[in-house]
Structures are given as C-alpha cells and as structure tokens.
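Reviewing the structure listed below.
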There are 2 protein chains.
Amino acid sequence: MSEDSRQPYVRRGAEIEYTEVSAADGMAKGVLIGPEQGAPNLAIRRFTLEPGATVPKHTNEIEHEQYVLAGEYVVGLAEEEFTVSPGDSLFIPAGVVHWYRNDGDEEGAFICAVPDGDDAIELV
Amino acid sequence: MSEDSRQPYVRRGAEIEYTEVSAADGMAKGVLIGPEQGAPNLAIRRFTLEPGATVPKHTNEIEHEQYVLAGEYVVGLAEEEFTVSPGDSLFIPAGVVHWYRNDGDEEGAFICAVPDGDDAIELV
C-alpha cells in the first residue's frame with residue numbers, strides 16, 4: 001500500500017501484517033504507519049515478544065522511542081537491564097547497544113516510533 | 001528534566017505529568033519522550049479523553065501518527081468521522097483538519113508520535 005502523504009486515514013489493528021525479525025528469536029514487527037503508508041518523516045511500528053523471546057545485543061542507526069503495551073520483559077540499555085511493563089516508555093538513542101528478553105509467560109508488546117532512515121540491526 | 005541526547009533511559013508510567021489541553025474540553029496530554037527528555041528528532045506523547053470529551057476542529061503544523069490504547073471514541077479527519085478502538089492507528093498529515101469526541105463511558109487514550117516542530121493548535 002502506498003498512500004498520498006496528504007491524505008489522512010485509519011488503519012485497523014486487524015489489517016497490520018507482522019513479520020518475524022530474523023536477527024531475533026520470537027520477535028515480530030508490524031509497521032502501523034510509515035513511508036509505505038505515505039508518512040513523510042517518521043514511522044510507528046508495533047513489536048511483539050513471545051514468551052521466551054530473545055533479541056541479541058545490537059545497535060540501530062536511528063533512535064527509538066518506545067511505549068510498552070503488554071507483558072513484562074527485560075530491556076538492556078547500554079550496560080544496564082530494566083524490567084518494563086505497560087505504561088513505561090523508553091528512549092534509545094541511535095547507536096546505543098540494546099537487547100530484549102521475555103522471561104514471562106505473557107506476550108510482550110510495544111510501540112516503537114522512529115525517524116525515517118535505515119533501521120538495519122547491527123549485532124554486537 | 002533535560003537529559004543528554006546520547007543517554008538511554010526508561011520513564012515509568014507514574015512519572016508522567018499530564019496537563020489539560022486548553023483548546024479542548026476533557027483532553028489531557030503527557031509527554032513521554034521529547035525534546036525536554038533529550039530526544040533530538042521526534043516525540044511520543046500520551047493523550048487521554050475523558051467520557052464526554054470534545055476537541056474542536058483544528059489543524060497542527062506537524063503530522064500526527066497515533067495508536068489507540070483504550071476506549072472507543074470518534075475521530076474526525078478532513079470530512080469524515082471514524083469510531084476507533086484499541087489497536088487502531090491513524091495518520092493525520094500536517095494541516096489536515098481533525099477533531100475528537102468521546103461519546104463513550106470509558107476513558108479514551110492514545111499515543112501520538114510527532115516530528116520536532118511547532119505543535120500549536122489552530123482552531124478552524
């Protein structure tokens with residue numbers, strides 16, 4: 001789908017396609033609003049972390065701003081781990097090493113907003 | 001709070017300060033991550049719409065990318081109204097007239113991601 005960048009629209013939750021994140025184990029990503037949907041400057045994505053999911057230490061070239069929707073999972077930021085739960089938000093600057101681990105029984109989910117740019121994962 | 005733009009951090013839900021949006025009736029806004037928290041390019045905010053809330057027709061100079069967290073409420077986009085519920089997402093380009101109305105009994109809430117820039121509301 002490619003939409004005019006000047007047209008507003010609603011995307012229903014059921015429309016979103018999720019794909020496994022290949023560098024991770026048990027993480028899936030769905031783009032809610034982004035360049036392919038006509039958004040010119042930033043994107044919002046929804047990620048899920050199934051119970052037992054692990055995402056290895058990595059960096060990205062763009063900053064992440066995240067909001068926790070569901071579950072209770074561990075996020076590593078630089079050299080420290082935090083257990084996060086719904087309502088928490090996180091700032092992960094470009095280039096900062098981070099990782100995830102869902103030790104819980106419940107699926108974790110979060111929103112991740114990013115500026116346009118290369119979101120490639122670089123493992124460290 | 002002003003933080004180094006290169007430091008990652010977690011903000012807990014209970015830390016977020018909400019202020020009433022003066023141009024609206026029953027809408028409050030809390031900045032989760034933004035320029036004051038050291039984020040250089042974009043911001044994520046959480047808004048609440050109490051039962052009966054109304055936000056008049058207005059425009060903003062920056063685009064909005066929103067994700068519905070709670071409640072069921074009406075969003076007007078350009079010339080059409082949509083009833084949205086949790087899991088829906090919305091793209092509201094800069095300059096597009098939009099409005100909100102919570103006719104339900106439950107508080108509405110949504111995440112709104114924006115690029116840095118003037119977020120002033122212009123009533124129409």
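Below, chain A is the first sequence line, B the second, and so on; all start at residue 1.
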Are A:Gln7 and B:Pro93 side-chain neighbours, meaning at least one heavy-atom pair lies under 4.5 Å?
-> no
Top residue by heavy-atom pair count (under 4.5 Å) with chain A, among B:Ala14, B:Gly95, B:Ala43?
-> B:Ala43
Side-chain heavy atoms under 4.5 angstrom apart, residues restricted to Ile, Leu, Val, Met, Phe, Trp, Tyr: same cluster for B:Ile92 and A:Tyr9?
-> no
Which of A:Ile62, A:Val68, A:Val84 touches chain B most, by non-hydrogen pairs under 4.5 Å | A:Val84
Region of B:Leu69 that comes under 4.5 Å of a non-hydrogen atom in chain A = side chain
Which atoms of B:Val96 approach chain A - backbone, side chain, both or neither, heavy atom under 4.5 Å | side chain
According to a 4.5 Å side-chain heavy-atom criterion applied to Ile, Leu, Val, Met, Phe, Trp and Tyr, with indirect links allowed, do B:Tyr100 and B:Phe91 form part of one hydrophobic cluster?
-> no
For A:Glu50, does the CD atom sit with more than 12 other heavy atoms under 6.0 Å from it, leaving out its own atoms?
-> yes
Applying the 4.5 Å side-chain criterion to the ILVMFWY set and letting contacts propagate, would A:Leu49 and A:Leu90 be lumped into a single cluster?
-> yes
Report yes if the side chains of A:Glu65 and B:Leu42 come closer than 4.5 Å at any heavy-atom pair, otherwise no.
-> yes
Who else is in the cluster with B:Trp99 when I, L, V, M, F, W and Y are joined by side-chain contacts under 4.5 Å?
-> B:Val97, B:Val124
Out of curiosity, does A:Ile121 fall in the hydrophobic cluster containing A:Val55 (side-chain heavy atoms, cut-off under 4.5 Å, transitive links)?
-> yes
Check: A:Glu63 and B:Pro40 side chains under 4.5 Å, non-hydrogen atoms = yes
Measure the CD1-CD1 distance between B:Ile44 and A:Ile44 for me, rounded to the nearest 0.5 Å.
-> 10.0 Å
Would you kindly confirm whether B:Phe110 and B:Val21 end up in one hydrophobic cluster when ILVMFWY residues are joined by side chain heavy atoms under 4.5 Å apart?
-> yes
Under 3.5 Å, side chain of A:Asp88 to main-chain N/O of B:Gly13, donor-acceptor pair present?
-> yes
Output for pair (A:Ser89 OG, B:Glu15 CD), nearest 0.5 Å, gives 8.0 Å
Contact list (residues 72-81 of chain B to chain A, heavy-atom gap under 4.5 Å, by number) returns B:Leu77, B:Ala78
About how many Å separate OH of B:Tyr67 and CZ of A:Arg46, when rounded to the nearest 0.5 Å?
-> 4.5 Å
Flag the pair B:Arg12 / A:Phe82 as yes when at least one side-chain heavy-atom distance between them is below 4.5 Å, and no otherwise.
-> yes
Under 4.5 Å from any heavy atom of chain B - which part of A:Ile111 | side chain
